[in-house]
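Reckoned from all heavy atoms, side chains included, excluding hydrogens, waters and symmetry mates. Just so it is clear: chains get the letters A, B, ... in the order the sequence lines come, proteins before strands, and each one is counted from 1.
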Amino acid sequence: MLDINRIRKEPEKVIELLSRRGRDFAVKLEEIREIDRKWRESLLKAEELRREINEESKEIGRLKREGREADPGKLEEMKEKSARLKELQDEKKFKKELDDLLLLLPNLPDEGLDHPEDRVIREEGGPVEFGFEPRTHWELGDMLKIISFKRAALLSGSRFALLEAEGAELERALINFMLDIHKEKHGYREIMPPYMVKYEVMEGTGQLPKFSEEMYSTTGDDENSRMYLIPTAEVPLANMHRGEILEKNDLPKKYVAYTPCFRKEAGSYGKDTSGLIRNHQFNKVELVNIVLPEESPGFHERLLGESEEILKQLGLKYRVVELGTGELGFSSSKTYDLEVWMPGEKMWREVSSCSNCGDFQARRMNTRFRNEDKKTGFVHTLNSSGLAVGRIFAAVLENYQTEELSIRVPEALCGYMKGKKTIERN
RNA sequence: GGAGGGGUGGCUGAGCGGUUGAAAGCGGCGGUCUUGAAAACCGUUGACCCUUUACGGGGUCCGUGGGUUCGAAUCCUACCCCCUCCGCCA
C-alpha cells in the first residue's frame with residue numbers, strides 16, 4: 001500500500017513512478033485524491049460533532065454526580081446531535097473507499113529503475129556442451145520412470161506432477177540441500193508455516209484483493225472460514241510479524257521455509273503445458289528478510305547472492321536479469337530474476353525472483369519497528385526464491401543427463417541422496 | 001462434536017454506565033546516590049488519525065462488527081480467537 005501522505009504531497013512524482021509500469025495512473029490518482037479530500041472533510045465534521053458530544057456529556061455526568069438533573073432541553077439537543085453523528089456515515093464510507101482503492105495500487109518502482117524492459121546483467125557458469133541431442137526433462141522423467149504426468153493427471157488433472165522412486169528422492173534432496181545452505185551458511189531461521197492462510201494475510205503481501213483469480217481457496221461455510229492456499233511461502237513468512245512493532249535490534253529477521261505452492265495459473269492456457277515448469281502445485285524454498293528501511297538495498301543484493309549460491313553449488317549455468325519497470329510484480333519496487341539454462345528445452349527458465357518490496361507490504365501488514373528515539377516506522381520486506389525446487393529438478397535432469405540415459409547426481413547433492421552418484425532407468 | 005471459562009497497555013492483572021487512556025505490580029527509560037555496579041528512592045513510560053510552519057488543538061483505539069444511551073472497557077447482540085474438561089482422531 002502506498003503512503004497516502006506521499007500521494008498528497010507529491011502526486012506528480014507518484015504518478016510518474018507508477019506510470020513507469022506501463023499504464024497511465026493519472027486518472028486513478030486523481031480519483032484517490034478526490035476521495036481523500038472528501039474523507040478528510042467529513043472526518044473533520046464528525047470529529048467536531050463528537051467533541052461537542054463528549055464535552056456536554058461530561059457536563060451532564062458532573063451534574064449527576066452532584067445529585068442534580070440535567071436540563072431536559074439539553075438532553076433533547078444531545079439526543080439530536082447524537083442521531084446526527086450516527087447519520088454522518090460519510091467519514092467511514094469514504095475511508096473504506098479510499099483504502100479499497102489504495103489496496104489495488106501497485107508498489108512504486110525504485111527511482112533508479114528507468115528501463116521498461118528486462119535487462120540481463122550477468123551470466124554465470126560456462127557453456128553447456130553435449131555430444132548428443134539433449135532431451136527435455138519430461139522426456140527424461142518419463143523414460144527413467146521418476147516422473148509420471150499421466151498418473152498425476154489421473155489424480156488431479158493437467159498441470160500436476162507425480163514423482164516416483166529416485167524422482168521423489170531427488171526432490172527431497174534438493175529441498176534439504178537448499179534449506180541447509182540457507183540455515184547454516186546464510187544464517188536463516190527455518191520455518192514450517194501453515195499452507196492455508198486467512199484473507200488478511202493474503203492481502204498483507206499483496207495477492208489480494210487484486211489477484212483472487214490466481215488463488216485457490218477453500219469453499220468454507222461462510223466468508224470468514226474461507227482459507228487461501230499459499231502461492232508462495234513469502235505469504236506466511238512476511239506476515240509472521242503483522243501488527244507488531246519490532247524493536248530495532250530484533251532486526252533483521254531472516255526466515256527460510258520449504259512449502260508447496262498452489263497457483264491456478266489462470267490465463268496461461270497452452271503455455272508451458274509439459275513438464276515441471278508451470279504446475280498448479282510445486283515445491284519451493286523461499287527466503288524472506290524483514291529489515292530496517294535504510295538497509296533494504298544492501299539486503300536485496302545479499303539476498304540475490306544467497307539464491308545464486310544454490311545454483312553455483314549445483315553447478316548450473318544461469319543468468320541474472322534485472323526486471324524492467326514494465327515487468328515488475330505488484331508488490332515489488334525492484335526485482336532480480338535468476339534464470340537457469342535448460343539444454344533440453346533450449347531456453348532460459350526463471351528459477352528465482354528476488355524482490356525488494358520496500359514498505360509496501362509492511363503498510364498492508366502493519367509491521368513496524370521502533371527506533372532509538374521511540375518513533376515507529378514501517379519495516380522493509382524482501383523475498384527471494386531459494387529456489388523453485390521443481391524447476392531446479394528439471395534443470396538438474398536436463399543439465400546432468402548422459403547419452404546413455406542416466407542422470408549424474410550433482411556433487412553437492414550426493415550427500416543428500418545416500419551417496420548415490422547416478423539415477424538410472426528403473 | 002458436547003459442557004464450561006476467558007479475551008484490557010511490552011507482560012501480569014484491577015476496573016460501580018459519567019474527571020478511566022485506563023489502578024497496581026513487573027519490565028523499559030531518565031535521575032539521585034556510588035570509583036563503578038547492584039539495591040533504594042524520585043520521576044517517566046501506548047499506538048494511530050486529522051489539523052498546525054511551529055507551539056499546540058482535536059479525535060479514535062480495552063478481540064472484531066453492530067446496537068442501547070446525552071454518555072460504553074463497563075449493558076445487549078453477532079462473529080472471531082484462546083483456554084479447561086469430556087468424546088473422537090493422525
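- Atom name P, nucleotides B:rG15 and B:rA23: the rounded distance is 14 Å, in whole Å.
- Where A:E80 and A:N5 each meet RNA chain B at their nearest nucleotide, the meeting point lying more 5' is that of A:N5.
- The side chain of A:N54 has B:rU60 as its nearest neighbour among B:rG71, B:rU60, B:rU51.
- Across the C1' atoms, B:rC89 and B:rC81 are found 23 Å apart, a figure rounded to whole Å.
- B:rA3 and B:rG9 have their P atoms separated by 30 Å, with the value rounded to a whole Å.
- Pair check for B:rA24 finds B:rU12; Watson-Crick or G-U wobble, both atom distances under 3.5 Å.
- Rounded to a whole angstrom, the distance from the P atom of B:rG18 to that of B:rG2 is 38 Å.
- Considering only side-chain atoms of A:R8, the nucleotide from B:rG58, B:rC70, B:rU51 that sits closest is B:rU51.
- The nearest whole Å value for the distance from the NZ atom in A:K45 to the P atom in B:rC50 is 18 Å.
- Shown are A:E350, A:E339, A:E327, A:R119; of these, the side-chain contact (heavy atoms from CB on, under 4.5 Å) with A:V321 is made only by A:E339.
- Across all strands shown, B:rG71 has no partner, as no Watson-Crick or G-U wobble contact with both distances under 3.5 Å is found.
- Contact between the side-chain N/O atoms of A:K79 and the OP1/OP2 oxygens of B:rC70 is found at a separation under 4.0 Å.
- Salt-bridge check for A:R6 with A:E10: passed, with a basic side-chain N closer than 4.0 Å to an acidic carboxylate O.
- Classification of A:D99 and A:R364 as a salt-bridged pair fails, no side-chain N sitting under 4.0 Å from a carboxylate O.
- Taking atom CD of residue A:E52 and atom C1' of nucleotide B:rC70, one finds them 13 Å apart after rounding to whole Å.
- Counting to the nearest Å, the C1' atom of B:rU19 and the CG atom of A:L63 are 14 Å from each other.
- Applying the side chain to side chain contact (heavy atoms under 4.5 Å, CB included) criterion to A:N279, with sequence neighbours excluded, gives A:R159, A:A161, A:L276.
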Using a cut-off of under 3.5 Å, enumerate the N/O to N/O pairs linking the protein to nucleotides 45-47 of chain B.
| unit_1 | atom_1 | unit_2 | atom_2 | d |
| --- | --- | --- | --- | --- |
| B:rA47 | OP1 | A:R370 | NH1 | 3.3 |
| B:rA47 | O3' | A:R368 | NH1 | 3.0 |
| B:rA47 | O2' | A:R368 | NH1 | 3.2 |

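- With rounding to whole Å, A:L49 atom CG is found 16 Å from B:rC50 atom C1'.
- Distances shown here put every side-chain N or O of A:R40 at or beyond 4.0 Å from the OP1 or OP2 atom of B:rG58.
- Spacing between atom NZ of A:K96 and atom P of B:rG66 amounts to 12 Å, rounded to whole angstrom units.
- The residues A:E48 and A:K45 are annotated as not salt-bridged, no charged nitrogen and carboxylate oxygen being separated by less than 4.0 angstrom.
- Atom CG in A:D99 sits about 12 Å away from atom P in B:rC49, given to the nearest Å.
- Going from the P atom of B:rG67 to that of B:rC11 covers 30 Å, rounded to whole Å.
- Pair check for B:rC41 finds B:rG31; Watson-Crick or G-U wobble, both atom distances under 3.5 Å.
- Among pairs with a residue in residues 161-175 of chain A, those fulfilling side-chain hydrogen bond (donor to acceptor under 3.5 Å, both in side chains) read A:E166-A:N426, A:E169-A:K420, A:E171-A:N283, at least two apart in sequence or across chains.
- B:rU84 and B:rA73 have their C1' atoms separated by 26 Å, given to the nearest Å.
- A salt bridge is defined here as a Lys NZ or Arg NE, NH1 or NH2 lying under 4.0 Å from an Asp or Glu carboxylate O, and A:K81 with A:E52 meets this definition.
- Rounded to whole Å, the C1' atom of B:rU8 lies 13 Å from the corresponding atom of B:rG46.
- If you measure from atom NZ of A:K9 to atom P of B:rU53, you get 12 Å, rounded to the nearest angstrom.
- Shown here, B:rC88 forms no base pair; nothing in the strands shown gives a Watson-Crick or G-U wobble contact with both key distances under 3.5 Å.
- Between A:K334 and A:D110 there is no salt bridge, since none of the side-chain N atoms of the basic residue sits less than 4.0 Å from a carboxylate O of the acidic one.
- For the C1' atoms, the distance linking B:rA37 with B:rU51 amounts to 48 Å, nearest Å.
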